[in-house]
Q: 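One structure, pasted below without further comment.
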2 protein chains.
Amino acid sequence: MKATIYDVAKKAGVSIATVSKVINNNTGNMRDSTKQRVKKAMEELNYHPNVMASALMGKGTKTMGLLVPDISNPFFSEIAKTIEDRAHEKGYSVIMCSTDENEEKEKKNVELLQNKLVDGFIVSSTYSDKSILQDLIRNGVPVVMLTQDDPAMDVSKVFVDDFKGGYEATIHHLQNGHHNIAIISEQLALASVKRTEGYLQALKTYGIRPRQEYIVRTRGKIANGIKAFDNLFQLPEPPTAIFACNDQLAIGVMLGAKERGIRIPDQLSLIGFDDTILATATYPRLTTVAQPIARMGKTVVNLLIEEIQLGHSRKERILYNPQLIIRETTGKAPKVETN
Amino acid sequence: MKATIYDVAKKAGVSIATVSKVINNNTGNMRDSTKQRVKKAMEELNYHPNVMASALMGKGTKTMGLLVPDISNPFFSEIAKTIEDRAHEKGYSVIMCSTDENEEKEKKNVELLQNKLVDGFIVSSTYSDKSILQDLIRNGVPVVMLTQDDPAMDVSKVFVDDFKGGYEATIHHLQNGHHNIAIISEQLALASVKRTEGYLQALKTYGIRPRQEYIVRTRGKIANGIKAFDNLFQLPEPPTAIFACNDQLAIGVMLGAKERGIRIPDQLSLIGFDDTILATATYPRLTTVAQPIARMGKTVVNLLIEEIQLGHSRKERILYNPQLIIRETTGKAPKVETN
DNA sequence: TTGTATGCGTTATCAT
DNA sequence: ATGATAACGCATACAA
């Protein structure tokens with residue numbers, strides 16, 4: 001049977017209060033000898049405090065919930081990895097939940113976790129029903145947003161400057177002489193609208209009028225990237241450059257292009273976003289806008305734990321710089337045929 | 001403040017015992033009217049039972065631990081997704097832990113979870129110190145192994161026939177006329193040794209003597225795939241076909257080959273394993289041995305929950321068939337130059 | 001410096 | 001058919 005605090009107390013010849021004190025390091029007024037005696041007893045019994053019981057007493061569970069759209073998306077699994085690592089270092093566990101951009105699941109996940117065992121939430125998925133999160137926040141549950149700067153959420157946030165990322169990607173295309181630049185954005189991601197705004201701004205800087213038909217919105221999967229590409233290339237005047245708002249979409253474009261015999265980067269320049277494992281798995285290697293995944297992951301965890309201990313949100317907004325990583329899918333615009 | 005069972009009882013004008021009964025569906029001897037009254041009160045107060053408290057009473061936490069080598073590896077994140085989905089359907093949460101094939105983390109993860117909040121474990125990572133898991137099992141903690149059939153673990157297992165997968169991949173190469181077939185295997189994965197055995201068996205079937213220099217062991221990352229390829233191609237007689245024991249390794253080979261101007265599949269045939277997102281993200285698309293990820297994920301969860309409720313292991317071994325998916329990286333062996 | 005007693009929100013046993 | 005009450009393992013105010 002598992003040892004309880006009573007077993008330890010008996011073995012050490014003290015009361016449970018004393019044991020409790022050494023567990024919680026309230027050993028201010030305690031003879032060092034008793035402390036050692038208790039510690040020894042804990043060792044020998046292989047005693048570990050029952051988290052459930054101490055949680056009942058108002059202590060936390062040392063567990064955090066991680067809400068992402070889809071853990072099987074490389075970007076999220078990569079950031080989940082860094083979150084997990086950091087959390088473990090700090091003695092926390094992380095429960096993961098994919099919302100699948102599905103309102104029902106969003107709600108169910110939060111319910112599942114809330115009255116259960118988490119001390120706080122990291123949320124990296126856009127909620128269609130924001131009241132779910134807002135209720136949480138109003139009730140004083142620590143929440144830190146990751147990957148999105150949603151003004152509707154008055155909590156701490158860790159994210160990259162998506163506008164800048166979109167801007168710089170587009171500028172890179174423009175500097176290469178492209179004028180017909182399309183963007184494929186993620187329908188439901190807040191970050192994608194920022195990236196689109198950056199794209200628009202870059203166009204403006206170069207005095208180029210945006211075209212509706214060059215702006216496509218879809219879900220961020222490979223298959224949709226292929227579709228988007230197909231549609232774009234049925235246009236009377238197809239783009240010579242594409243900025244895809246995530247790597248999966250970009251991969252889709254590459255696949256579609258291969259299928260149609262369109263060479264990248266000679267006939268089509270392409271930029272992705274995220275710099276996931278996918279970006280280096282393709283040939284040619286994908287030019288993409290990198291997010292500092294490791295630093296972001298570590299930072300959200302630190303911030304969340306800090307707020308859990310603090311008891312309230314610091315409402316910080318931590319903004320990282322995206323970085324355009326030029327690899328092999330971008331190049332000069334093809335000569336325009338003047339007709 | 002969160003509502004407790006007392007609040008509900010008061011509101012419904014009954015005792016907490018009665019409320020508890022409707023919570024747990026022990027409504028055998030209960031007037032339907034009271035039951036409804038209680039339910040209504042719960043609704044109105046937005047009452048959710050405190051899992052910690054009920055866990056204290058011996059009920060489980062409805063949480064399972066998922067131990068994988070690395071959640072950022074697409075294979076594991078994809079299977080984690082299906083596990084999560086199924087677990088949620090059944091009202092369970094999943095806590096994920098990457099062991100990083102690091103003995104310290106292995107131990108720490110289990111400790112983190114054990115005395116904490118999980119009702120059982122799904123373990124899909126090879127433990128270098130098996131006693132950690134065996135202690136768990138001996139203590140009656142439900143454990144189901146995923147992805148590996150380790151004879152040292154006397155519990156239920158869900159996995160593919162790795163031997164067969166390795167065998168069929170190699171046979172495919174052989175049928176294409178290849179004789180110089182190399183294998184790149186994952187150093188630490190039990191599954192990889194089975195796949196290697198299948199490879200060896202296939203060779204034997206065709207009367208081909210295995211060559212030591214064609215058998216390379218490494219960690220399953222893209223970078224290592226590149227290195228392995230480089231080494232293989234510095235051999236006096238490089239292979240004309242490679243079987244990589246996971247998709248990442250295979251991607252590494254593709255990248256290395258591109259770098260050296262070696263065309264796939266014309267000059268080199270390549271097969272991967274797992275059929276992750278990576279396999280369809282490359283060009284040409286990767287021929288690979290698929291594991292039925294979705295079915296395996298669903299099955300482990302079902303099995304684990306069953307055993308949690310049952311109170312003991314059923315010690316089932318559920319074996320799935322791998323499936324060779326022939327895409328575009330495999331083809332006929334180049335004509336041999338007789339000299 | 002250490003121990004006693006109470007409560008945290010449940011479940012379960014036994015009365016009523 | 002329903003209610004009173006004792007655990008569960010721990011933290012903490014208060015006593016000693």
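A note on names: the letters A, B, ... follow the listed sequences, proteins ahead of strands, and every chain is numbered from 1.
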Q: Quick check: does any side chain N or O of Thr147(B) sit under 3.5 Å from a backbone N or O of Ser124(B), one acting as donor and the other as acceptor?
A: no

Q: Between dT11(C) atom C1' and Met52(B) atom CE, what is the distance in whole Å?
A: 16 Å

Q: Give the rounded distance in Å between these two atoms: CD1 of Ile5(A) and C1' of dC8(D).
A: 13 Å

Q: Rounding to an integer number of Å, can you tell me how far Met42(A) CE sits from dG9(D) C1'?
A: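 After rounding, the gap between these two atoms is 15 Å.
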
Q: Mapping Arg31(B) and Met57(B) to their closest nucleotides on DNA chain D, which lands nearer the 5' end?
A: Arg31(B)

Q: Determine, for Asp7(B) against Lys10(B), whether the closest basic-nitrogen to carboxylate-oxygen distance falls under 4.0 angstrom.
A: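 Looking at Lys10(B) together with Asp7(B), the answer is no, because their closest N to O distance does not fall below 4.0 Å.
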
Q: If the test is side chain to side chain contact (heavy atoms under 4.5 Å, CB included), which one of Ile132(A), Val123(A), Thr99(A) qualifies with Val110(A)?
A: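 Exactly one candidate clears the test, Ile132(A).
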
Q: Would you mind reading off the distance between Asn50(B) atom CG and dG7(C) atom P, rounded to a whole angstrom?
A: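 Going from Asn50(B) (CG) to dG7(C) (P), I get 18 Å.
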
Q: Rounded to whole angstroms, how far apart are CD on Gln36(A) and P on dT1(C)?
A: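 In whole Å, dT1(C) P and Gln36(A) CD are 15 Å from each other.
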
Q: Which whole-number value in Å describes the distance from Leu56(B) CG to dC8(D) C1'?
A: 5 Å

Q: If you find the nucleotide of DNA chain C closest to Tyr6(A) and the one closest to Lys35(A), which residue's nucleotide is nearer the 5' end?
A: Lys35(A)

Q: Please check the phosphate of dT2(C) (OP1 and OP2 only) for any side-chain N or O of Thr34(A) closer than 4.0 Å.
A: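 Yes, such a contact exists.
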
Q: Is Glu89(B) salt-bridged to Arg86(B), going by a charged N under 4.0 Å from an acidic O?
A: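 Salt bridge present between Glu89(B) and Arg86(B).
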
Q: Evaluate the criterion side-chain hydrogen bond (donor to acceptor under 3.5 Å, both in side chains) for residue pair Asp100(B) and Ser98(B); output intermediate values, then yes/no.
A: CA-CA 6 Å; Asp100(B) 280 328; Ser98(B) 299; 5.5 Å; no

Q: Reckon Lys59(B) has a side-chain N or O less than 4.0 Å from the OP1 or OP2 of dA12(C)?
A: yes

Q: Listed in order of residue number, which residues of residues 8-30 of chain B have a non-hydrogen atom at under 4.0 Å from DNA chain C?
A: Ile16(B), Ala17(B), Ser20(B), Asn24(B)

Q: Report the distance from atom CD of Gln291(B) to atom CD1 of Ile79(B), rounding to the nearest 0.5 Å.
A: 7.0 Å

